[in-house]
Amino acid sequence: MTNKLQDSPFIKVLDNLGFQPEVAGGFAGEWLGSGKEQRVVSPVDGETLGTVTNITPAEFDTILGRCHKAWLGWRLVPAPKRGEVVKALGDELRKNKDALARLVTLEMGKTLRESLGEVQEMIDICDFAVGLSRQLYGLTMPSERRQHRLQEQWHPLGVVGVISAFNFPAAVWSWNTALALVCGDTVLWKPSSKTPLTAIACTKLAEKVLRQFGFDPAICSLAIGRGSDIGDLINTDPRVALVSYTGSVPGGRHVGRLVQERFGKLILELGGNNAIIVSDHADLDIALQAVYFGAIGTSGQRCTSTRRVIVHEALYETFVARLLELYRRTRIGSPLEEATLMGPLVDAAAVTTFQEAIQNVQHQGGKLLHGGESLPNAGGCYVTPCLAEVTSDLPMLQEETFAPLLYLMKYRTFAEAIAIQNGVPQGLSSAIITHDLVEAEVFLSAAGSDCGIANVNTGTSGAEIGGAFGGEKETGGGRESGSDAWKAYMRRQTSALNFSGRSELAQGIFLEI
Ligand code: NAD
């Protein structure tokens, strides 16, 4: 353990969240970590934020063992009581909203405005889960047998292994945790190695609440370490009943194989390649706002970021001219400053990936209209957002580049626009900007968008917690957050109850003995 965090200019933010100078990366009722030390560098200005000690495989075993043991007790606590704990967690997040948001900004670089939104989303899902704790309904069905009853109940599942991406370093944990807790599960979180401090801060808040209620704090455990080490331990251990994985498509393919191999349950929330169709019946102001924020928000590092815009040829020139004007005026800079619209990318490797992707696009025949430079003098990982004009057969269009790189292309017929929108392997988010009712309905119909999210007159990003969140095809098919996504965190039990006083099988079969 080190004291480096104490020297950091950001210690005040961490102080507000109850940090000690020693930052161990593991928690299961007590803090532990004696593996490799990891320096955490801010993409905002290249400053060292602190040092986190990763856990060892032996410590992982201890943590998972305690988290599983905690589940044996937690599953028996009445769901509305579990809801009270989640309510208190939401209150803690309200109290610490500003400090936690600042930490998110310092650690991963999104603007403070967006980080505050991320923490608000955490509070919202806690509120949602509190209500849910009294609504974990099962069904009763009419039995085909006389004086029988058929029913379903939902029971807690076990330990939920939450593996999260860097770009929503706090919210993804809360979407999973708030639901898992009311469902009677415990949580073992492996965050991205790029954002360990945010994970420690969230776990501290959960620890405080669980202790206040007298519950085992290992109910919300933490395991920080390399994905390939700790991640694989989660993927392969049968004590983890459900793995909820948020990350890239290749990562999800690996996790999916391992978890499926042992018949574990899975939620996969993988990459997107999201498009907006701008119809000739669009309100241009709405279209510009949706596209611009969708593409540059979080510096293009949202799974729902807008990556492709498919514009009707009749308004293409006007649309592109106005979008270019917005791009030229983009205020890039410290994400802590109010006026900033676009902060840095998460790290230097992300800047390299961005620039390599732009080179590829140009090699494949795409035309660069704006941006793509890195801004090394700013001290952090800053770039200018990129606009590229392409045709719909460009091979790079099939890939998610996790950066502010937006492709512009024309369409002539509506059928062609839908075909382009659906013509990628990913299926997370999509949108159409139109005032034509028929176009909007077709877009939302079985013959329309093939994505998990399909919006009309609003962009691809900024999902509300009330709906189920997730995508189709290579996005993995998982659903989190609102609606009935909670069912993935429980096991369903179907029961037939016989009060007839005789024995009868279904399908009218009687056995005489
Ligand atoms: P990533 O795939 O690099 O990492 C995701 C997580 O997987 C990290 O915690 C990492 O440590 C872990 N990991 C690495 N190897 C592992 C292994 N062998 N077993 C288990 N876990 C392992 O993704 P990233 O760069 O952090 O995030 C960006 C990606 O995540 C993008 O593709 C983005 O679209 C996607 N994403 C999707 C959603 C969604 O809800 N669909 C949300 C956020 C991000």
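Just follow the structure's listing: the first ligand is 1, and inside any ligand the first atom is 1. Everything numeric here is computed off the predicted structure, so don't read it as measured data.
Using a 4.5 Å heavy-atom threshold, the side chains of S334 and D45 count as separate. For the pair M409/L397, a side-chain contact is recorded, criterion being any heavy-atom separation below 4.5 Å from C-beta on. When side chains are defined from C-beta on, W154 counts as touching K487, because their heavy atoms get closer than 4.5 Å.
The ring pair (Phe, Tyr, Trp, His ring centres under 6.0 Å) contacts involving residues 164-195 comprise F166-F402, W173-W189, W175-F469, where partners must be two or more places apart or lie in separate chains.
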Contacts table for ligand 1: protein N or O within a distance under 3.5 Å of ligand N or O, distances only.
residue  : atom   : partner : partner atom : Å
ligand 1 : 2 (O)  : Y245    : OH           : 3.2
ligand 1 : 2 (O)  : S248    : N            : 2.9
ligand 1 : 2 (O)  : S248    : OG           : 2.7
ligand 1 : 7 (O)  : Y245    : OH           : 3.2
ligand 1 : 9 (O)  : S164    : O            : 2.7
ligand 1 : 9 (O)  : K190    : NZ           : 3.2
ligand 1 : 11 (O) : K190    : NZ           : 2.9
ligand 1 : 18 (N) : D232    : OD1          : 3.1
ligand 1 : 18 (N) : H254    : NE2          : 3.3
ligand 1 : 19 (N) : N235    : ND2          : 3.0
ligand 1 : 26 (O) : F166    : N            : 3.1
ligand 1 : 30 (O) : G247    : O            : 3.4
ligand 1 : 32 (O) : E400    : OE1          : 2.7
ligand 1 : 34 (O) : E400    : OE2          : 2.6
ligand 1 : 40 (O) : E269    : OE1          : 3.4
ligand 1 : 41 (N) : E269    : O            : 3.4
ligand 1 : 41 (N) : L270    : N            : 3.4
ligand 1 : 41 (N) : L270    : O            : 2.7

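With W74 as the aromatic partner, K69 does not meet the cation-pi criteria of under 6.0 angstrom to the ring centre and within 45 degrees of the ring axis.
The 12-atom threshold is not exceeded at CZ of R226, counting heavy atoms of other residues, nucleotides or ligands nearer than 6.0 Å.
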